[in-house]
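The first residue in the sequence is number 1, and the count goes up from there.
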Amino acid sequence: MRTCPYCAEQNREGVLFCEECGQPFIGVQAIMATSQLVNEDQVSLRGRVKWGTARFDRRAAVVVHVRDAREPLTLIPKDEIVLGRSDIHSPVVPDVDMAPYGAAEQGVSRRHAVIRRGEDTLTLIDLGSTNGTHLNGQRLIPHQPRVLRDGDEIRMGKLVFHIFFKE
């Protein structure tokens, strides 16, 4: 089995891209021609494509892959998850501490953003952070929720990470 470095999905040996998130595996030298699927193959693939889905199942987990980090974080979402950084001079401790990823140097606030779980979606809300929160390159308006989708890129200050939904 081969573990995807971005979403932590276990993949079959020999695949060129992650079967869950589409991430290419580095160092793949082979070039393969695209083959046309027959009708039976197309039917079996329907419903499997989840890239970009906003639907978040109650039993699912969130996989956070910080750029240049070796291992992703897996979170079991609560109703609200505060993202930020710890600081020895402050009693504020976020639910997800980004300090080990150089958060202070990259402009992450102590209480930077929050992920809230709704009925069947997750939303991201900037908490009025100093350096802002970006979702797929667009700066969030503080305190206004935006729906998260599987594979989204989040930037808090200069710290970049991707989130994936894992059932």
Next item on the list: Pick out which of Ile125, Ile115, Leu124 makes a side-chain contact (heavy atoms from CB on, under 4.5 Å) with Pro145.
Entry: Ile125

Next item on the list: For side-chain contact (heavy atoms from CB on, under 4.5 Å), just list the numbers for Asp68 and Val160, CA-CA rounded to whole Å, side-chain angles, deciding distance to a tenth of an Å, and then say yes or no.
Entry: CA-CA 9 Å; Asp68 298 328; Val160 177; over 6 Å; no

Checklist line | Stepwise side-chain contact (heavy atoms from CB on, under 4.5 Å) test for Met98 and His112 | finding: CA-CA 10 Å; Met98 300 303 238; His112 197 103; over 6 Å; no

Check: Can you get from Tyr101 to Val114 by hopping between Ile, Leu, Val, Met, Phe, Trp and Tyr side chains that sit under 4.5 Å apart?
Finding: no

Margin query: Using only atom types and a distance under 3.5 Å, with no angle test, would you say the side chain of Asp126 pairs donor to acceptor with the backbone of Ser129?
Written below: yes

Check: Are the side chains of Leu83 and Pro94 in touch, meaning some heavy atoms are under 4.5 Å apart?
Finding: no

Margin query: Please check this pair: side chain of His65 against backbone of Arg70, looking for a donor-acceptor N/O pair closer than 3.5 Å.
Written below: no

Next item on the list: Might you work through the side-chain contact (heavy atoms from CB on, under 4.5 Å) test for Leu73 and Phe161, ending with a clear yes or no?
Entry: CA-CA 11 Å; Leu73 301 169; Phe161 58 95; over 6 Å; no

Check: What distance do Thr123 atom OG1 and Leu148 atom CG have between them, rounded to the nearest 0.5 Å?
Finding: 7.0 Å

Margin query: Within this structure, what is the NE2-CG distance for the pair His162 and Asp152, rounded to the nearest 0.5 Å?
Written below: 8.5 Å

Next item on the list: Would you please name every residue forming a side chain to side chain contact (heavy atoms under 4.5 Å, CB included) with Arg139, sequence neighbours left out?
Entry: His134

Notebook entry, point to check: Less than 4.5 Å apart, any side-chain heavy atom of Arg58 and any of Arg117?
Noted result: yes

Notebook entry, point to check: How many angstroms lie between atom CG of Asp95 and atom CZ of Arg111, to the nearest 0.5 angstrom?
Noted result: 8.5 Å

Notebook entry, point to check: Can you find a heavy atom in the side chain of Asp97 that is under 4.5 Å from one in the side chain of Arg85?
Noted result: yes

Notebook entry, point to check: Judged by atom type as modelled, is there a donor-acceptor pair below 3.5 Å linking the side chain of Ser109 to the main-chain atoms of Thr130?
Noted result: yes

Check: For the side chain of Asn136 and the backbone of Glu153, is there at least one donor-acceptor N/O pair under 3.5 Å apart?
Finding: yes

Item checked: Any side-chain heavy-atom pair of Pro77 and Phe56 under 4.5 Å -> yes

Next item on the list: Would you check, one step at a time, whether the test side-chain contact (heavy atoms from CB on, under 4.5 Å) holds for Arg55 with Thr121?
Entry: CA-CA 5 Å; Arg55 182 161 167 49; Thr121 59; over 6 Å; no

Notebook entry, point to check: So, Arg110 side chain and Val92 main chain: donor-acceptor pair closer than 3.5 Å or not?
Noted result: no

Next item on the list: Please report the closest heavy-atom contact between Asn131 and Gly157, naming both atoms and the distance.
Entry: CB-CA, 3.8 Å

Next item on the list: Spell out, yes or no, whether Ile163 and Val96 are grouped together once hydrophobic residues are joined by side-chain heavy atoms under 4.5 Å, including indirect joins.
Entry: yes

Item checked: CG-CG distance between Leu75 and Leu122, expressed to the nearest 0.5 angstrom -> 10.0 Å

Next item on the list: Search all heavy atoms of Ala54 against all heavy atoms of Val147 and return the closest pair with its distance.
Entry: CB-CG1, 3.7 Å

Item checked: Atom pair CG/CE of Leu140 and Met156 - distance to nearest 0.5 Å -> 11.0 Å

